[in-house]
Amino acid sequence: MGKSGHFEEHMRSLFDDSDEAPAAPVPQGRLPSYIKDHRARLRDRFMSGGAAAMPDYELLELILFRSIPRKDVKPLARLLLNQFGDLNRVISAPPERLARVSGVATAVICDLKILEAAAQRMARSRVMQRQVIASWDALLDYCHTAMAHRETEQFRVLYLDRKNVLVADEEQGRGTVDHVPVYPREVAKRALELNASALILVHNHPSGDPTPSQADISMTRKVDAALEALGIVLHDHLIIGASDELSFRSEGLL
């Protein structure tokens, strides 16, 4: 092959996605017109009407445009939604599971995880250093954003000061699909380190059902007893399900 052909082949590799070659030759640096026009229409609709009128697969397409700049991403958007169920579950899916989907390369996983991190940070900013009672709905929104679609259990502790202002939000442990180890002593120790006056426990149920298990109830009572000995109040234990949550305080379990 001559130098010219070798140069063209090298340039093509810079623009092509690593997982799949384009279906038909395209002049270098240009999208096929049907893809370019489709992307332009979607962007215009989003900018003029917002996300409310757009189905999940179109929003996902908009995200994938940046990850895969030179292909039709509609088939991949639909494949991801079929695999995981909805947009929230696609964005929050573990990287190793995303990687098993045909057509998902590192760029896609990275962009989805950046979006997930940004959503969690935005939700968290609405509750940190604020009174929990005054921002309860925002707190629940944050918990759902961070935990509702996880495939394994996660246990978090929210530490409050004497004015019930949230001063720290920390992950205490991660577990399996139906269990996460919790150590009441460590929870109490950390509360003392932070000079916290009260706590809220939060964990998720990957099954989607927030009904507490007997183990959940037993663990909560042990934490409550450890805190009570130190004069620290356990305000609540929230179990986050797929679309709702359960409050131990509201259910009379605390």
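- Inter-residue side-chain proximity for Asn204 and Phe155 is flagged as unmet; no heavy-atom pair is nearer than 4.5 Å.
- Asp209 and Ser207 share no side-chain donor-acceptor pair at under 3.5 Å.
- Side-chain contact between Asp161 and Asn195 is absent, with no heavy-atom pair separated by less than 4.5 Å.
- Note that the CG atom of Asp224 and the CG atom of Leu201 stand 9.0 Å from one another [nearest 0.5 Å].
- In this structure, NZ in Lys189 is found 12.0 Å from CG in Leu194, a value given to the nearest 0.5 Å.
- Under a hydrophobic-cluster definition in which Ile, Leu, Val, Met, Phe, Trp and Tyr are linked whenever side-chain heavy atoms come within less than 4.5 Å, directly or via other members, Leu115 and Ile109 are assigned to the same cluster.
- Note that CD of Glu251 and CG of Leu246 are 4.5 Å apart. Values are rounded to the nearest 0.5 Å.
- Closest approach of Pro206 and Glu153 over heavy atoms only: CD-CG, 3.5 Å.
- Remark: the backbone N or O of Ala138 is not paired with any side-chain donor or acceptor of Ser135 at under 3.5 angstrom.
- There is a side-chain donor-acceptor pair under 3.5 Å between Asn164 and His235.
- By the 4.5 Å heavy-atom criterion applied to side chains, Leu60 and Leu112 are counted as neighbours.
- What you find for Pro210 and Gly241 is that their closest heavy atoms are CB-N, 4.1 Å.
- The nearest pair of heavy atoms linking Ser247 to Asp236 is OG-OD2, 2.6 Å.
- Grouping the Ile, Leu, Val, Met, Phe, Trp and Tyr side chains by contacts below 4.5 angstrom, directly or via other members, places Leu42 with Ile63.
- By the 4.5 Å side-chain criterion applied to Ile, Leu, Val, Met, Phe, Trp and Tyr, Leu238 is assigned to a cluster that also includes Val127, Met128, Val132, Trp136, Leu139, Leu140, Tyr142, Met147, Leu158, Leu160, Leu166, Ile200, Val202, Ile240.
- Remark: Lys113 engages Glu116 in a side-chain hydrogen bond (donor to acceptor under 3.5 Å, both in side chains) (not counting sequence neighbours).
- Open room surrounds CZ on Arg66; 12 or fewer heavy atoms of other groups in view lie less than 6.0 Å from it.
- Val165 and Gln129 get closest at one heavy-atom pair: CG1-C, 3.4 Å.
- Here the side chains of Leu80 and Tyr57 are not in contact, with every heavy-atom distance at 4.5 Å or above.
- Taking the side chain as every heavy atom from C-beta outward, Arg126 and Asp141 approach each other to under 4.5 Å.
- Val73 and Glu61 make their closest contact through CG2-O, 3.8 Å (heavy atoms, listed as atom of the first residue, atom of the second, distance).
- Ring centroid separation for the pair His205 and His203 comes in under the 6.0 Å cut-off.
- Under a 4.0 Å N-O distance rule, the pair Glu151/Arg97 qualifies as a salt bridge.
- Checked by atom type and distance alone, the side chain of Arg89 never pairs as donor or acceptor with a backbone atom of Gln83 at under 3.5 Å.
- Without hydrogens or angle criteria, Asp216 side chain to Ser213 main chain gives a donor-acceptor distance under 3.5 Å.
- Under a hydrophobic-cluster definition in which Ile, Leu, Val, Met, Phe, Trp and Tyr are linked whenever side-chain heavy atoms come within less than 4.5 Å, directly or via other members, Val157 and Val233 are assigned to different clusters.
- Closest approach of Gly208 to Asp244, counting heavy atoms only: O-OD1, 4.5 Å.
- Electrostatic pairing of Asp169 and Arg124 counts as a salt bridge here, judged by a charged N lying under 4.0 Å from a carboxylate O.
- Note that CG of Leu79 and NZ of Lys74 are 14.5 Å apart. Values are rounded to the nearest 0.5 Å.
- Counted within 6.0 Å of CD on Glu228, heavy atoms from surrounding residues, nucleotides or ligands total 12 or fewer; the atom is thus considered open.
- Counting non-hydrogen atoms of other residues, nucleotides and ligands closer than 6.0 Å to CZ of Arg121 gives a total of 12 or fewer.
- Taking CG of Leu81 as the start and CG of Leu76 as the end, the distance is 9.5 Å to the nearest 0.5 Å.
- For the 3.5 Å distance criterion, the side chains of Gln172 and Glu186 fail to qualify, holding no donor opposite an acceptor.
- Between atom NE2 of residue His149 and atom CD1 of residue Ile91 there is a gap of 9.5 Å, rounded to the nearest 0.5 Å.
- Residues Leu199 and Leu227 have side chains in contact (heavy-atom distance under 4.5 Å, counting atoms from C-beta outward).
- Electrostatic pairing of Arg190 and Glu170 counts as a salt bridge here, judged by a charged N lying under 4.0 Å from a carboxylate O.
- The backbone N or O of Pro69 sits less than 3.5 Å from a side-chain atom of Arg39, completing a donor-acceptor pair.
- At a threshold of 4.5 Å between non-hydrogen side-chain atoms, the residues His237 and Leu253 do not count as touching.
- Salt bridge Glu58/Arg45: present, at least one basic N to carboxylate O contact under 4.0 Å.
- For the pair Leu192/Ile232, a side-chain contact is recorded, criterion being any heavy-atom separation below 4.5 Å from C-beta on.
- Between Phe65 and His38, the ring planes lie perpendicular to each other; the angle is over 60°, past the 30° to 60° tilted range.
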